[in-house]
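Written out below as structure tokens is the structure these notes cover.
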Amino acid sequence: MSKIHVTTTVNGDSVEFLADPRETLLDCLRDHLDLTGTKEGCGTGDCGACSVTLDGTLVCSCLVLGIEAEGREIGTIEGLAQGHELHPLQRKFIEHAALQCGFCTPGFLVAAKALLDKNPNPTETEVRYWLAGNLCRCTGYDKIVRAVMDAAEEMRKEAV
Amino acid sequence: MAKDEFREFRLVGTRPDRPDGLDKVTGRARYGADISAPGMLWGAVVRSPHAHARIVKIDTSKAEALSGVKAVVTRADFPTGLTGDEWDLQENTMAGDKALYDGHAVAAVAATSKLRAEEAARLIEVEYEVLPHVIDVDDAIKPDAPVIREGAADATVPEGMPPNVVRYFEHGRGDLDAGFAEADLVRENTYRTEATHQGYIEPHACLGQLGEDGKGEMWVCTQGHWFIRKMCADVLGLEKSQLRVTPSEIGGGFGGKTTIFMEPLSLALSRKAGGRPVKIVMSRSEVLRATGPTASASMDVKIGMKKDGTLTAGRAEFRMQGGAFWGAPVDMALDCAFAAYKLPAVMHIGYDVLANRPKAAAYRAPGSPMAACAVESLIDEMCRELGLDPMEVRLKNAVREGDRSSYGPKFKSIGLVETLEATKAHPNFSAPLGPNQGRGIASGFWFNHGGETSVTIALSEDGTVTVSAGTPDIGGSRASIALMTAETLGIPYENVRVNIVETGALGVNEPTHGSRATFATGKAAVEAANAAIKEMCRRAAVEWGIDPEAVEWVDGAAQPAGPNAGKFPPMSIAEIAGNMGSTGGPISGHHEGNLGGVGASFGCHVVDVEVDPETGRTTILRYLVVQDAGRAIHPAYVEGQYQGGAAQGIGWALNEGYVYGEDGRLQNSVFLDYRVPVASDLPMIDTVIVEVPNPGHPFGVRGVGETGITPPLPAIANAIHAATGARLRHLPMNPPSVLAAIKAVKGG
């Protein structure tokens with residue numbers, strides 16, 4: 001199948017790649033753009049390891065075709081920190097030991113940021129339901145939920 | 001270290017940021033699938049759609065004719081004549097005469113792109129003669145069950161056993177009949193647990209390269225790269241030292257990444273494709289159909305109890321299937337079954353049974369959760385019947401230091417009683433309960449493991465230190481190893497870098513398994529640091545012109561030991577390192593061995609549930625894990641192990657399980673259908689770290705990874721019983737089965 005030229009924006013940078021129409025956005029990010037921070041855990045939209053934002057909306061990049069990225073804005077884990085300055089969620093994940101193997105972590109961080117962009121003051125229940133699309137097999141979620149709540153609190157204080 | 005010795009540490013017991021944290025929150029950390037190589041091909045695997053079938057013919061011609069296809073391999077490309085475990089590994093890697101389970105690999109291809117490889121795999125035509133299959137362990141053990149493989153039984157199996165029994169266990173001590181006769185209550189029940197998958201979020205992935213000269217390299221996500229090296233070399237007939245294996249970061253394993261699956265296929269494809277590297281990444285469906293899972297179990301347990309709760313005898317008869325090969329963890333399940341109890345008479349009988357399922361891999365405390373499910377449930381049932389407090393009964397019969405264990409050896413220092421007492425003292429143990437709510441408790445046990453370990457620490461020119469370790473960091477072990485090394489050397493935590501190095505850099509290391517990384521690699525790192533300290537003291541002694549024995553190491557510096565040794569200012573590690581080029585060259589410390597001194601870890605869990613009487617759905621309201629860590633080097637990651645083990649056990653108890661159709665095919669091979677706990681299924685998981693130091697470790701470490709998965713299965717069954725009056729003896733306790741059990745109680 002002949003490839004299609006795609007122009008899109010990833011983490012603020014304009015990029016181009018050639019995609020087989022069957023390739024997912026996840027494949028394109030990882031295999032054509034070398035952005036391997038986004039992970040594949042299932043390929044069926046059940047685990048959230050491949051979470052990215054598409055025009056600001058949280059999506060599983062394994063359920064989006066690469067060619068659908070044409071003209072869109074994509075946000076990935078690689079764009080979360082501003083240079084050397086980590087996003088508060090990234091800092092809090094380290095501080096709270098909210099990762100063990102770390103494989104699901106990029107997806108959790110992207111999903112949690114999408115939550116806090118929408119709702120800066122979530123309850124524990126809201127955090128748990130928002131993140132219910134992200135599987136973690138190591139932590140039992142306790143420290144992840146705490147890290148997200150703590151980051152939200154810090155961000156609210158900074159916003160004042 | 002003496003059990004009662006109390007020491008304050010500068011670093012051990014603190015909670016610094018993990019050294020690999022930054023890489024892992026920024027997406028920089030490189031896992032199995034994150035590496036590519038020049039000239040790389042992609043591999044894809046053709047798998048059997050049948051549970052049991054003779055392979056009549058494999059036609060690869062159409063695949064080979066496809067442009068971009070560089071290699072196709074079948075079993076014909078592997079060496080013949082292997083025996084025992086090596087043959088099993090080879091047979092599981094690639095089917096020979098028969099496909100033995102749904103998902104069994106039968107051929108593999110390598111092509112210039114992932115899509116092309118998948119396309120080529122679909123063009124491979126396999127002709128099968130479908131054979132009768134057997135899935136359930138109780139069916140597989142019947143004398144007339146379909147035979148998976150003639151002659152697979154080992155020497156432990158007596159004449160006349162059913163054909164699929166491949167290992168048989170029988171051991172015990174004491175007078176069982178007298179024990180049961182002495183009891184006021186004797187009860188016997190049957191319990192069943194389903195096969196569950198480790199469910200690591202990272203699918204298996206590797207990048208292998210192998211030339212005609214037998215030299216090769218591999219990048220792979222694994223818990224143990226020396227195991228990968230040995231197993232791949234065995235299966236392919238290579239010299240082990242010619243294969244260099246580098247571990248990637250690992251996205252979870254829980255025992256499931258201690259063996260090989262598609263790794264030899266990438267090497268075989270590479271060799272056939274002129275040595276071009278071949279990357280293979282499994283899909284989730286391949287992971288669930290063809291890797292991992294743990295065994296399913298059918299277990300009869302009989303216990304004798306006096307009116308005051310004293311246990312008089314216990315008998316366990318376990319049947320477990322671990323797929324089409326020997327290896328169900330029956331032996332360990334039996335050993336764990338009564339480990340928490342003083343028992344005058346005990347009997348263990350076990351059957352390892354073949355079935356048409358994937359080859360079982362280790363899963364966190366292999367066998368122990370099933371055994372706990374049976375024994376801890378029955379103890380709870382008997383306490384109810386006799387009107388006894390299940391906590392007091394556990395305390396009354398708890399094993400202590402010096403007691404003979406149910407499985408043989410005498411216990412050294414253990415912390416079961418301390419763990420039970422700490423559980424009793426926790427507020428969760430006495431929190432008020434509402435309607436349809438119930439509380440369950442259960443104990444759990446794991447032996448822990450030391451094993452083959454080799455560690456080197458090397459001084460850099462500025463006095464900082466690198467540790468070369470061989471146990472992949474699966475949950476923060478770099479942090480704990482750095483803490484112990486820095487504590488021993490008397491230097492800052494930040495001055496230690498822990499590298500997980502490839503197979504060429506150290507002697508053989510066993511995987512990160514058996515809860516051993518912090519125990520064994522930590523112990524070896526401390527010994528290696530002590531060796532480096534000895535050399536640094538010698539360098540200082542030479543400089544000062546005094547006897548090396550007259551130099552001691554204090555707070556990161558050499559100093560004369562007492563006034564008689566001479567008067568010299570302390571010589572810091574940075575000074576010694578800065579001068580080492582002119583005082584004798586590089587300074588390293590090395591330690592290796594088959595490390596003993598392991599300390600067993602007991603735990604106790606308390607769970608409160610609410611069961612919806614209309615739907616049978618169980619909600620976890622509160623969850624408490626109390627466990628003996630010996631010494632928590634980095635308490636946050638110890639808590640993480642407790643919480644993660646509990647969550648996996650909760651999934652096993654309530655929802656997870658392999659579901660097979662009549663055709664013997666796995667019906668829930670995606671995460672939508674094989675549903676592991678998500679954040680909204682769970683509450684916060686409370687933890688208490690009990691510390692009864694292990695005298696066999698320089699800082700008292702026991703190992704904490706595995707015990708936590710064992711108590712949730714029975715604790716939740718006991719809580720559901722308390723909430724509903726219904727006893728479930730077959731996992732998973734999903735809403736339909738709980739509802740049916742509630743209806744049966746009401747109807748009766």
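Order of the sequence lines fixes the chain letters, A, B, ..., with proteins taken first and strands second; residue numbering starts at 1 for each chain. Computation of the quantities below employed the complete heavy-atom set of this structure, encompassing side-chain atoms and omitting hydrogens, waters and symmetry-equivalent molecules.
Side-chain contact annotation: S515(B) with E706(B), donor-acceptor N/O pair under 3.5 Å present. The closest side-chain donor-acceptor pair between Q648(B) and R364(B) falls under 3.5 angstrom. In the model, D673(B) has no side-chain atom that pairs as donor or acceptor with a side-chain atom of Q667(B) under 3.5 Å. No hydrogens or angles considered: a donor-acceptor pair under 3.5 Å links the side chains of E656(B) and Y674(B). A donor and an acceptor atom, one from each side chain of H197(B) and T291(B), are located under 3.5 Å apart.
Of residues 19-38 of chain A, those residues with a non-hydrogen atom less than 4.5 Å from any non-hydrogen atom of chain B are, in numerical order, D20(A), R22(A), E23(A), D27(A), R30(A), D31(A), T36(A), G37(A). Below 4.5 Å, heavy atoms of chain B meet heavy atoms from I77(A), E78(A), L86(A), all part of residues 64-86 of chain A.
Of the listed residues (H513(B), Q198(B), E202(B), H204(B)), just one forms a side-chain hydrogen bond (donor to acceptor under 3.5 Å, both in side chains) with K257(B), and that residue is E202(B). Among the candidates R156(A), K92(A), R91(A), K157(A), the single residue satisfying the salt bridge (Lys or Arg N to Asp or Glu O under 4.0 Å) test with D150(A) is K92(A).
The choice from H96(A), R146(A), H87(A), E95(A) that makes the most heavy-atom pairs within less than 4.5 Å of chain B is R146(A). With respect to chain A, the highest number of heavy-atom pairs below 4.5 Å among S680(B), G251(B), A646(B) belongs to S680(B). With respect to chain A, the highest number of heavy-atom pairs below 4.5 Å among A647(B), S285(B), A33(B), G644(B) belongs to G644(B). Among L135(A), V145(A), L131(A), L109(A), the residue making the largest number of heavy-atom pairs under 4.5 Å with chain B is L135(A). Between chain B and the options T105(A), T125(A), L99(A), heavy-atom pairs under 4.5 Å are most frequent for L99(A). Note: G199(B) leads G252(B), G199(B), G21(B), P472(B) in heavy-atom pairs under 4.5 Å with chain A. Interface summary for chain A: among R675(B), K24(B), Q643(B), R30(B), the most heavy-atom pairs under 4.5 angstrom belong to Q643(B).
When heavy atoms are compared at a cutoff of 4.5 Å, T44(A) approaches chain B solely by way of its side chain, counted from C-beta outward. Heavy atoms closer than 4.5 Å to chain A are found in both the backbone and the side chain of A636(B). For chain A, no part of P16(B) is nearby; none of its heavy atoms comes within less than 4.5 Å. The parts of L22(B) that come within reach of chain A are both its backbone and its side chain, each placing non-hydrogen atoms under 4.5 angstrom from that chain. Contacts between Y141(A) and chain B at a heavy-atom distance below 4.5 Å involve the side chain alone, from C-beta outward. Residue E119(B) touches chain A through its side chain alone, counting heavy-atom pairs closer than 4.5 Å. For a residue to count as touching a neighbouring chain, one of its non-hydrogen atoms must lie under 4.5 Å from one of that chain's; by this rule I250(B) touches chain A with the backbone only. Of the two parts of F254(B), only the side chain, counted from C-beta on, holds a non-hydrogen atom closer than 4.5 Å to a non-hydrogen atom of chain A. With a 4.5 Å cut-off on non-hydrogen atoms, E249(B) does not touch chain A at all. Looking at T26(B), both its backbone and its side chain come within 4.5 Å of chain A, counting heavy atoms on both sides.
The backbone N or O of G48(A) lies less than 3.5 Å from a partner atom in the side chain of N134(A), making a donor-acceptor pair. Looking only at distances, a side-chain donor or acceptor of W130(A) sits under 3.5 Å from a matching main-chain atom of A111(A).
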inquiry  = Run the side-chain contact (heavy atoms from CB on, under 4.5 Å) test on V59(A) and V52(A) for me, step by step, so that the C-alpha distance in whole Å, both residues' side-chain angles and the decisive distance to 0.1 Å come before the verdict.
reply    = CA-CA 6 Å; V59(A) 295; V52(A) 300; 3.7 Å; yes
inquiry  = For V607(B) and L624(B): C-alpha separation, side-chain torsions, deciding distance, then whether side-chain contact (heavy atoms from CB on, under 4.5 Å) applies.
reply    = CA-CA 6 Å; V607(B) 57; L624(B) 169 66; over 6 Å; no
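Taking 4.0 Å as the cut-off between side-chain N and carboxylate O, D34(B) and K279(B) do not count as a salt-bridged pair. Taking a cutoff of 4.0 Å between a charged side-chain nitrogen and a carboxylate oxygen, E639(B) and K143(A) qualify as a salt bridge.
Annotation: W219(B) is not in aromatic contact with Y31(B) [ring centroid separation under 6.0 Å not met].
No side-chain heavy atom of L288(B) sits under 4.5 Å from any side-chain heavy atom of V670(B).
No more than 12 heavy-atom neighbours from other residues, nucleotides or ligands sit within 6.0 angstrom of OH on Y129(A).
With sequence neighbours left out, S480(B) forms a side-chain hydrogen bond (donor to acceptor under 3.5 Å, both in side chains) with T518(B). In this structure T687(B) satisfies the side-chain hydrogen bond (donor to acceptor under 3.5 Å, both in side chains) test with no other residue, sequence neighbours excluded.
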